[in-house]
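Just so it is clear, the values below take in all heavy atoms, side chains as well, and ignore hydrogens, waters and symmetry mates. Naming convention: chains lettered A, B, ... in sequence-line order (proteins, then strands); numbering from 1 in each chain.
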Amino acid sequence: AQTVTQSQPEMSVQEAETVTLSCTYDTSENNYYLFWYKQPPSRQMILVIRQEAYKQQNATENRFSVNFQKAAKSFSLKISDSQLGDTAMYFCAFMKRDNQGGKLIFGQGTELSVKP
Amino acid sequence: DGGITQSPKYLFRKEGQNVTLSCEQNLNHDAMYWYRQDPGQGLRLIYYSQIVNDFQKGDIAEGYSVSREKKESFPLTVTSAQKNPTAFYLCASRNRGNYGYTFGSGTRLTVV
């Protein structure tokens, strides 16, 4: 079975600075997706970024980028130039790339506070 | 606009009662999912359905039931057998062969 672990329950960062959220996962699969989701106080789940395991290049979306280390099973999220609107719960998630239901497996979450 | 509608937003249940959470999507997505969110535990899968009239148990299905009579609808019933039902419930949908999930806005269930 796959597991996803986020070891940082809470983090804080000053506005305009950079912060990195950690995520590790365990799987015997070779083909899968990894995701970071953001859940602001409204509790709406928003996809931040995704990574396909077969791609070596790290994904980037504007101020958000990942450091994907497949051998180490590590998938960290870097937020550059942090903004007050980045304050949210962040979830790392795993999905097998097969026909077995497309289930997302989530980590425990990291609550990020961006301080002015 | 296409999306997922969950209702109600807040729900209160007395102990021993069954209650049904609604989830409707107009995205023509094949698969639908129910997740439960508790503080410090992330989201855990309750049930999922890939096609109409078929569904599978997730990791924490005990005390819950679902139906999928229409492609658009995937209601979740929290039965009296669920020992600790107070939680935030999220419904989601996805097209098969596509990684992208669409989430609803959630239902907060409280047992009083």
* Side chain to side chain, M45(A) and L43(B), heavy atoms closer than 4.5 Å -> yes

* Heavy-atom distances under 4.5 Å only: say whether I46(A) touches chain B with side chain, backbone, both or neither. => neither

Which bit of [X] comes within less than 4.5 Å of chain A, counting heavy atoms only: side chain, backbone, both or neither?
X       : answer
Q56(B)  : neither
L45(B)  : side chain
Y101(B) : both

Check whether [X] and [Y] end up in the same hydrophobic cluster, where Ile, Leu, Val, Met, Phe, Trp and Tyr are linked by side-chain heavy atoms less than 4.5 Å apart.
X      : Y       : answer
M89(A) : F75(A)  : no
F68(A) : F64(A)  : yes
V48(A) : L112(A) : yes
V19(A) : L84(A)  : yes
Y25(A) : Y37(A)  : no

* Asked: CD of Q50(B) to NZ of K103(A): how many Å apart, nearest 0.5 Å?
  ->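 Rounded to the nearest 0.5 Å, the CD-NZ separation comes out at 9.0 Å.
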
* To do: Looking only at non-hydrogen atoms, find the nearest pair between Y35(B) and L104(A) and report the distance.
  => OH-N, 3.0 Å

* Asked: Just wondering, are more than 12 heavy atoms of other shown residues or ligands nearer than 6.0 Å to NZ in K78(A)?
  ->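 Result for NZ/K78(A): open.
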
* **Within 6.0 angstrom of N62(A) CG, more than 12 heavy atoms from elsewhere** => no

* Pick out which of R43(A), Q39(A), Q44(A) makes a side chain to side chain contact (heavy atoms under 4.5 Å, CB included) with L90(B). => Q39(A)

* Structure fact -> Among P39(B), G40(B), A31(B), G42(B), the residue with the most heavy-atom pairs under 4.5 Å to chain A is G42(B)

